[in-house]
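Position 1 is the first residue of the sequence, and the numbers go up from there.
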Amino acid sequence: MEFRNSKEVPVSALELLLQAASLIPILYYVLGSLFVLVVFLYNFLEFHFVRDLLHGFRGDPVSLTFNSFSEIYEGVVSKCRILHGRYLATPWLSSPHFQTAFLNFFGRPPFFSYRRQLFHTPDGGTVALDWLMHSDVTRGASHMNTTISKDDKTPILVVIPGLTSDSASSYIKHLVFVMASHGWNVVVSNHRGLGGISITSDWFYNAGWTEDIRKVIEYLHHEYPDAPLFAVGTSIGANILVKYLGEDGENTPIAGAVAICSPWDLLICDRFISRRLVQKFYDRALTIGLQGYAELHQNVYSRLGNWEGIKKSRSVRDFDNYATCLIGKFETVDTYYRRCSSASLVGYVSVPLLCISSLDDPVCTREAIPWDECRANKNIVLATTRHGGHLAFFEGVTAKRLWWVRAVDEFLSVLYDSPFMHKQKKAQCLGMHIPQESSIDQGPYVNVLQDGMVTAAGNEQTVNMVEESFADPVVHFKQEEMVLGTEQQLERESKTDSIHDNAQSSEQDKMSDSDVKCNDDKTVPVERSIDKLSRQNRKSMWLLAYVAIMTTWPLVGATLLIVFRKKIKNILPATWLRK
């Protein structure tokens, strides 16, 4: 042991450690700090380059979830090579955050020009329809002025963009160009107030606003009755699309659809996006986009919403609180999220639907994916990938292609050539239109499906019978809406041990024969399910009675023995009584 002076004072271990540390070159500290920083960022940004390298850059197989009796899978998806293959992200974009950021800031979209068509809704709103025809891609700009004839049988693809996105977004252009190049006429249905169009009514779009897409699809079906209609929704547009398909059920002219990176459950996604630090960046970015959208229409927002609150919003939830809820007449933000989520309507989708989601989506979490509901519906096939980010799915070394665009192209092409395309029923009864004047949810409610399954639903739903007349189909479209004198309210309540279905109908004498038939078609499955549940309940009651008798018999037998001991003393042997 070394000693500092004659008084033999020992040198402390800390001082010896500091002396040893001072002998290490500063370069080593810098390299060590960089290594720790790289490891931290690698995990923080969820890179998977090393994993891809160890697996030989083979990618991960696409996971498919579907009903075992699904004809859509057997007849369509089973023939899709891409969905049965693997997805490998671009190596230098091997992070969901890098993929998502690269898509929004760069994206590398193809260059082309749309044809614009203005569509006017019954409430005075204006929707911009941007078209890219197959002839525009194959014949060039000289044929840009040609129009679609009413008897044209070329399939039409309707595209619904995501939140604050429009036809100019990179991922929308990727999809539109590929589909138009492969023989489709594609139309992008921009949300109100987007695509350079001003707000012309007091209604704005939101995450559950299905009225605009319903009117657009009805118009397209009316104008081009021989052309099959297909639809693709992305992000919030996917939620709107699935919600619309669930609301209208069989009575939709859509022959097939695809939902890309849907949030499914807005309440779960709201909790997720404010949970971690990296997700809060997305929350803030989306809020800035919504505030920019509000500034474009400040004159309307300042009149209908809380403009000071909108400017001070720091999250999507704040914006929805000060703007969406006030304009859409939702009492609370949670009420808006619950009523506008599409997850509760998955069971009602009646058209072939392919859903594509990434498990590392930094915006729409995997926790919100309705796995069981998708598996229970024979019309739905859910495809999930391990990586891909939000709407990105870049592939190849140059990152010029989006994997999900190729998957959509193959699925819709196979579906178009198959006999499994959905055909609209002749009975013109619209599905369950959720009213905009919402009320606070009082408790959990359920819907009983035809196969006896029980799924969550909203508080109350209103069915409106609507007829429309269309005119001036080329540039501006004017519609007149006639609401028939029929209103139904269907309220379903769920309790612990019983299910009560109460249906109320009014003004039945004004209903037409087709309306009555539609209502009967809706109530028959419910009555069958109630009968099935009643039979199961009767069996359960007998089983519970048996269990109750067997479990309480020792106590009941002992009590009866004490009470009637004197009466049975002369009947039973004394030795048995002593026991």
Side-chain angles (χ1 to χ4, degrees), residues 110-122 125-161 166-168 172-191 194-197 212-234 237 241 244 248 252-258 351 405 408-409 411-418 421-424 468-480:
F111 295 97
F112 58 85
S113 299
Y114 291 103
R115 320 182 189 188
R116 170 139 298 183
Q117 182 179 16
L118 297 182
F119 179 82
H120 297 285
T121 60
T126 304
V127 175
L129 301 180
D130 288 334
W131 288 84
L132 184 67
M133 312 294 185
H134 173 58
S135 58
D136 300 339
V137 179
T138 57
R139 301 179 184 178
S142 60
H143 295 267
M144 287 292 290
N145 293 326
T146 59
T147 58
I148 307 177
S149 61
K150 293 184 69 70
D151 58 349
D152 194 337
K153 297 182 179 181
T154 304
I156 298 176
L157 178 64
V158 184
V159 180
I160 311 173
D166 56 20
S167 57
I172 296 294
K173 282 193 167 185
H174 276 284
L175 173 65
V176 170
F177 185 79
V178 169
M179 298 304 295
S181 301
H182 293 172
W184 297 67
N185 291 331
V186 187
V187 55
V188 181
S189 179
N190 295 284
H191 299 295
L194 290 173
I197 300 299
D212 286 350
I213 191 61
R214 179 177 291 107
K215 296 295 185 292
V216 168
I217 290 175
E218 289 175 356
Y219 159 73
L220 294 175
H221 181 59
H222 179 271
E223 286 298 310
Y224 314 107
D226 296 332
L229 288 179
F230 297 82
V232 174
T234 58
L241 175 61
Y244 157 72
D248 282 30
T252 174
I254 295 296
V258 183
V351 307
V405 172
V408 169
D409 178 28
F411 171 77
L412 292 181
S413 298
V414 176
L415 178 62
Y416 177 64
D417 294 331
S418 73
M421 290 192 301
H422 171 262
K423 295 183 179 180
Q424 184 180 17
E468 298 184 19
S469 61
F470 301 89
D472 195 9
V474 179
V475 181
H476 297 278
F477 308 93
K478 297 182 180 180
Q479 299 175 317
E480 297 178 358

Exercise for review: Could you pull out all residues at least two apart from Val405 that satisfy side chain to side chain contact (heavy atoms under 4.5 Å, CB included)?
Suggested key: His174, Leu175, Val178, Leu402
Review point. When you measure from the side chain of Tyr114 to the backbone N and O of Ser167, does any donor-acceptor pair fall under 3.5 Å?
Key: yes
Check your understanding: What's the shortest heavy-atom distance between Leu132 and Ser113, and which atoms?
Key -> CD1-O, 3.7 Å
Review point. Side chain to side chain contact (heavy atoms under 4.5 Å, CB included) between Met179 and Leu412: does it pass, once the steps are laid out?
Key: CA-CA 10 Å; Met179 298 304 295; Leu412 292 181; 4.0 Å; yes
**Study point:** Non-neighbouring partners of Asp130 that pass salt bridge (Lys or Arg N to Asp or Glu O under 4.0 Å), sequence neighbours left out
**Key:** Arg116
Practice item. Using the test side-chain hydrogen bond (donor to acceptor under 3.5 Å, both in side chains), find all partners of Thr252 that sit at least two apart in sequence or belong to another chain. Key: Tyr244
Check your understanding: What closest approach, in Å, do Met133 and Ala180 show between heavy atoms, and which atom pair accounts for it?
Key -> O-CB, 4.1 Å
Review point. Among Val187, Leu157, Ile156, which one satisfies side chain to side chain contact (heavy atoms under 4.5 Å, CB included) with Leu229?
Key: Ile156
Study note, to complete from the structure: With sequence neighbours left out, the residues meeting side-chain hydrogen bond (donor to acceptor under 3.5 Å, both in side chains) with Ser181 are none
Review point. Leu241 versus Ile213: any side-chain heavy-atom pair under 4.5 Å?
Key: no
Practice item. Keeping the roles fixed (side chain from Asn190, backbone from Ala128), state whether a donor-acceptor pair exists under 3.5 Å. Key: yes
Point to revise | Spacing of CD1 belonging to Ile197 relative to CZ belonging to Phe119, to within rounding of 0.5 Å | key: 13.5 Å
**Study point:** Any Lys215 side-chain heavy atom under 4.5 Å of Val127 side chain
**Key:** no
**Study point:** With sequence neighbours excluded, residues passing side chain to side chain contact (heavy atoms under 4.5 Å, CB included) with Pro225
**Key:** none
Revision key, fill the gap. For Ser189 and Val158, the nearest pair of non-hydrogen atoms, with its separation, is CB-CG1, 4.3 Å
Check your understanding: With under 30° as parallel and over 60° as perpendicular, where do the rings of Tyr224 and Trp131 fit, or are they tilted in between?
Key -> perpendicular
Revision key, fill the gap. Hits for side-chain hydrogen bond (donor to acceptor under 3.5 Å, both in side chains) against Thr154, two or more places apart or cross-chain, chain-then-number order -> Asp152
Study note, to complete from the structure: Across all chains, not counting sequence neighbours, the side chain to side chain contact (heavy atoms under 4.5 Å, CB included) partners of Ser413 are Trp184, Asp409
Check your understanding: Any side-chain heavy atom of Ile217 sitting closer than 4.5 Å to one from Pro253?
Key -> yes
Check your understanding: How long is the gap from CG on Asp248 to CD1 on Ile254, to the nearest 0.5 Å?
Key -> 9.5 Å
Exercise for review: Search all heavy atoms of Pro228 against all heavy atoms of Tyr416 and return the closest pair with its distance.
Suggested key: CG-CE1, 3.7 Å
Check your understanding: How many angstroms lie between NE2 in His182 and OG1 in Thr138, if you round to the nearest 0.5 Å?
Key -> 12.0 Å
Review point. Shortest non-hydrogen contact from Lys150 to His222?
Key: NZ-O, 4.0 Å
**Study point:** Partner residues of Asn185 under the side-chain hydrogen bond (donor to acceptor under 3.5 Å, both in side chains) criterion, sequence neighbours left out
**Key:** none
Check your understanding: Considering residues at least two apart in sequence or located in another chain, which fulfil the ring-ring contact (aromatic ring centres under 6.0 Å, His included) criterion with His191?
Key -> Tyr205
Exercise for review: List the atom of Phe411, the atom of Ala257, and the distance in Å for their closest heavy-atom pair.
Suggested key: CE2-O, 3.8 Å
